Amino acid sequence: MTSLTIKEILAGRAGVGDEVTVEGWIRTRRDSKAGLSFLQIHDGSCFDPIQVVAESSLANYQEQILHLTTHCAVRATGKLVESLGKGQRFEVHADRVEVLGMVENPDHYPVSAKRHSFEHLRTVAHLRPRTNTFGAVARVRDCLSMAVHRYFHEHGFFWIHTPIITTSDAEGAGAMFRVSTLDLANPPRDEHGKVDFSADFFGRATSLTVSGQLNVEAYCMAMSRVYTFGPTFRAENSNTTRHLAEFWMIEPEIAFADLSDDADLAESFLKYLFKAVLEERPDDMAFFAQHIDKDCIHRLETFIAASFERMDYTDAIKALEAAVAKGVKFDFPVSWGIDLQSEHERYLTETLVGRPVVVMNYPKEIKAFYMRLNDDGRTVAAMDVLAPGIGEIIGGSQREERLDVLDARLDEVGLSKDEYSWYRDLRRFGTVPHAGFGLGFERTIIYATGMANIRDVIPFPRTPGNAEF
RNA sequence: UCCCUGAUAGCUCAAUUGGUAGAGCGAGCGGCUGUUAACCGCUAGGUUCUAGGUUCGAGUCCUAGUCGGGGAGCCA
């Protein structure tokens with residue numbers, strides 16, 4: 001007897017005539033009064049289920065098999081045969097179907113064998129991975145995760161585990177979740193009546209990380225090519241299809257590099273990821289193309305084939321102003337110095353260029369303190385990668401490596417040099433030009449699959465007012 | 001946080017000017033068929049989100065709240 005996953009069986013790891021065991025969950029059961037039942041069984045190993053044929057001669061046919069409903073767990077053993085029916089190449093002619101777990105009250109089971117809305121499935125996030133869509137999302141997510149690490153590994157990067165609990169806010173990247181062991185009802189207070197965090201676990205106020213960038217820069221200044229890939233937390237009260245309070249972010253950092261090198265890296269990296277999905281998950285991508293977003297495969301192929309358009313912020317503004325002059329209507333006015341709104345980004349990448357666009361060199365006023373000041377004195381070496389259909393997918397910059405310029409920026413923004421003393425040390429002891437970016441992992445999955453809501457591409461989404469499961 | 005919108009059977013939705021709740025899917029039972037979104041028949045399944053209010057009468061109208069969805073802002 002061989003125990004194989006359905007993926008292995010369908011891929012031909014077992015020969016016709018071999019005895020195999022299939023372990024999984026029922027997708028559907030169809031009965032034939034000719035005296036047999038067809039069980040579609042999936043085990044998550046691949047998109048396709050396998051068909052198990054159970055004849056009425058089986059000992060438990062009347063008592064159990066005829067009562068199997070969607071998502072009952074079974075172990076079926078039998079001979080692998082070429083299917084007599086259409087729709088599948090192989091099937092298992094069962095000698096034994098062992099029922100491991102029935103479904104209680106099948107008439108009230110929330111993931112019955114019918115179409116369900118994603119809204120409903122979100123309320124049963126612990127059961128939704130059993131559906132076609134969420135199984136496919138989980139496999140694509142895994143594929144992309146592995147591709148991230150493989151790309152960096154192949155390109156000489158080191159994966160740095162930056163801390164989850166931090167003390168420094170990467171320049172207001174977002175509101176932070178406090179980490180504390182103090183008694184919320186009765187915290188220690190100082191002489192001014194303020195909560196005394198010196199009595200807290202770490203002896204100071206701490207929060208969940210909003211970005212691993214500052215930490216990974218330290219390792220970049222020793223190992224040249226590094227990245228982080230881990231969970232990130234933002235306590236923003238944002239309720240959109242593109243935001244989560246807990247999400248995963250990929251942040252590479254490269255030394256001896258400028259903004260152009262950074263954009264090169266972003267382009268090469270994204271193309272690698274999408275190529276991996278197309279090559280490794282054709283089954284799931286075919287499903288997404290058929291049921292979720294018919295353009296998704298074509299979009300990835302186009303993305304891989306096209307070179308990114310690079311555009312200075314100043315030129316982007318000019319292009320937007322020209323569009324306004326030609327009658328394009330925007331809700332937000334366009335002028336040099338504004339931060340680009342979603343509608344502006346969409347126009348640039350979808351209407352004007354029709355390909356991914358890298359907008360570079362933004363006004364320093366709208367960007368973070370650590371971004372390198374350009375020679376013009378009014379822009380910084382920042383870039384956003386905009387993709388058709390999703391908007392901003394990457395934000396990055398060349399970092400300010402000059403201590404005097406960095407200090408001036410800290411002062412301008414009103415940040416304390418003491419708070420950033422270790423970060424400033426990196427500029428004091430062997431500083432070099434370097435750059436990096438942040439890629440929202442879930443947004444990458446949205447782009448690849450065509451899924452509409454970010455809450456449906458992470459197993460257990462955390463959003464304002466919702467941390468169930 | 002702001003704007004819009006919604007909440008009725010396990011799920012997706014109906015229900016006329018306010019008149020006493022219905023279908024499809026799913027589930028159960030039966031029929032039929034190497035079936036595959038199977039098909040046909042029958043059956044069960046409801047404190048209409050919560051709390052107030054108007055009314056002879058509220059799923060429907062009013063007030064407040066809770067939760068969901070979409071959009072915006074913020075960003076990844």
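Small disclaimer: the values here were computed from a predicted structure and weren't measured. Order of the sequence lines sets the chain letters (A, B, ...), proteins ahead of strands, with each chain counted from 1.
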Distances under 3.5 Å between nitrogen or oxygen atoms of protein and nucleotides 37-42 of chain B:
from	atom 1	to	atom 2	distance (Å)
A38(B)	OP2	R30(A)	NH1	3.3

Nucleotide N/O of nucleotides 5-13 of chain B paired with protein N/O under 3.5 Å:
from	atom 1	to	atom 2	distance (Å)
G10(B)	OP1	H108(A)	NE2	3.0
G10(B)	N9	D107(A)	O	3.3
C11(B)	O2'	K114(A)	NZ	3.4
C11(B)	O2'	H116(A)	ND1	3.4
C11(B)	O2	K114(A)	NZ	2.5
U12(B)	OP1	S117(A)	OG	2.9

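For F47(A) and H42(A), the gap between ring centers reaches or exceeds 6.0 Å. If you look at Y227(A) and F158(A), their ring centroids are not closer than 6.0 Å. Ring to ring, Y447(A) and F274(A) are close: their centroids are under 6.0 angstrom apart. In this structure, the ring of F157(A) has its center no less than 6.0 angstrom from the ring center of Y219(A). In summary, the aromatic rings of F330(A) and Y347(A) are positioned with their centroids under 6.0 Å apart. Aromatic ring centroids of H120(A) and H116(A) lie under 6.0 Å apart.
Taking the C1' atom of each, U16(B) and G53(B) are spaced 25 Å apart, rounded to whole Å. With C1' as the reference atom, U48(B) and A14(B) are 13 Å apart, rounded to whole Å. Of the C1' atoms belonging to G45(B) and C2(B), the separation is 41 Å, rounded to the nearest Å. The same atom, P, is picked in G68(B) and in C11(B); the two are 16 Å apart, to the nearest Å. One C1' atom belongs to C61(B), the other to U54(B), and the distance between them is 8 Å to the nearest Å.
When rounded to the nearest whole Å, the span between CG of D384(A) and P of C75(B) equals 10 Å. In this structure, E442(A) atom CD and C75(B) atom C1' are separated by 14 Å, rounded to whole Å. Atom NE2 of H344(A) is separated from atom C1' of A72(B) by 13 Å (rounded to the nearest Å). Regarding R234(A), its CZ atom lies at a distance of 17 Å from the P atom of G73(B), rounded to whole Å. In this structure, CZ of R455(A) is placed 13 Å from P of C67(B), rounded to the nearest angstrom. Across the protein-nucleic acid pair, F90(A) atom CZ and U35(B) atom P stand 20 Å apart, rounded to whole Å. Atom-to-atom, CG of N237(A) to P of C2(B) comes out at 9 Å; the value is rounded to the nearest Å. Taking atom CG on L340(A) and atom C1' on C74(B), their separation rounds to 14 Å, with Å as the unit.
Every residue meeting the side chain to side chain contact (heavy atoms under 4.5 Å, CB included) condition with P363(A), not counting sequence neighbours, appears here in chain and number order: Y313(A), W336(A), E365(A), I366(A). For H67(A), the ring pair (Phe, Tyr, Trp, His ring centres under 6.0 Å) criterion is met by no residue, not counting sequence neighbours. For S268(A), the side-chain hydrogen bond (donor to acceptor under 3.5 Å, both in side chains) test picks out Y151(A), with sequence neighbours left out. R13(A) pairs by the salt bridge (charged side-chain N to carboxylate O under 4.0 Å, His left out) definition with E8(A), not counting sequence neighbours. Take R141(A) and apply the salt bridge (charged side-chain N to carboxylate O under 4.0 Å, His left out) test, not counting sequence neighbours, and it matches E442(A). Partners of R462(A) under the salt bridge (charged side-chain N to carboxylate O under 4.0 Å, His left out) rule, at least two apart in sequence or in another chain, do not exist in this structure.
The aromatic rings of F369(A) and Y423(A) stand perpendicular to each other, their planes meeting at an angle above 60°, with 30° marking the opposite boundary. Ring pair F441(A)/F229(A) is perpendicular by interplanar angle, where above 60° counts as perpendicular and below 30° as parallel.
Taken residue by residue, residues 351-361 of chain A places no heavy atom nearer than 4.0 Å to RNA chain B. Non-hydrogen atoms lying under 4.0 Å from RNA chain B are contributed by H67(A), T69(A), all within residues 55-73 of chain A.
Ranking G34(B), A72(B), G28(B) by closeness to the P106(A) side chain, first place goes to G28(B). When each of G73(B), G34(B), G68(B) is scored by its nearest atom to the side-chain atoms of Q341(A), the top-ranked nucleotide is G73(B). Of the candidate nucleotides C75(B), G68(B), G71(B), G71(B) has the atom lying nearest to any side-chain atom of T241(A).
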N/O donor-acceptor pairs under 3.5 Å from side chains in residues 383-397 of chain A, not counting sequence neighbours:
from	atom 1	to	atom 2	distance (Å)
D384(A)	OD2	Y362(A)	OH	3.2
S397(A)	OG	R399(A)	NH1	2.6

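Inter-residue side-chain proximity for L68(A) and L39(A) is flagged as met; some heavy-atom pair is nearer than 4.5 Å. Here the side chains of I164(A) and F233(A) are in contact, with some heavy-atom distance below 4.5 Å.
When heavy atoms are screened at a 4.0 angstrom cut-off, I250(A) is found touching no nucleic acid atom at all. Among the heavy atoms of the strands, none lies under 4.0 Å from E251(A). G438(A) comes within contact range of the sugar-phosphate backbone alone, with a heavy-atom separation under 4.0 Å but no base atom that close. Contact annotation for R346(A): backbone-only contact, meaning every heavy-atom pair under 4.0 Å involves sugar-phosphate atoms and none involves a base. Using a 4.0 Å heavy-atom cutoff across all strands shown, N453(A) reaches sugar-phosphate atoms only and no base atom. D48(A) comes within contact range of no nucleotide atom at all, as no heavy-atom separation falls under 4.0 Å. Among the atoms of the strands shown, none is found under 4.0 Å from any heavy atom of R29(A).
Stem list for RNA chain B (at least 3 consecutive Watson-Crick or G-U pairs, distances under 3.5 Å): B:1-7 with B:66-72, B:10-13 with B:22-25, B:27-31 with B:39-43, B:49-53 with B:61-65.
In this structure, R122(A) does not reach the C67(B) phosphate: none of its side-chain N or O atoms is under 4.0 Å from OP1 or OP2.
In summary, E412(A) and R409(A) engage in a salt bridge, as defined by a charged side-chain N under 4.0 Å from a carboxylate O.
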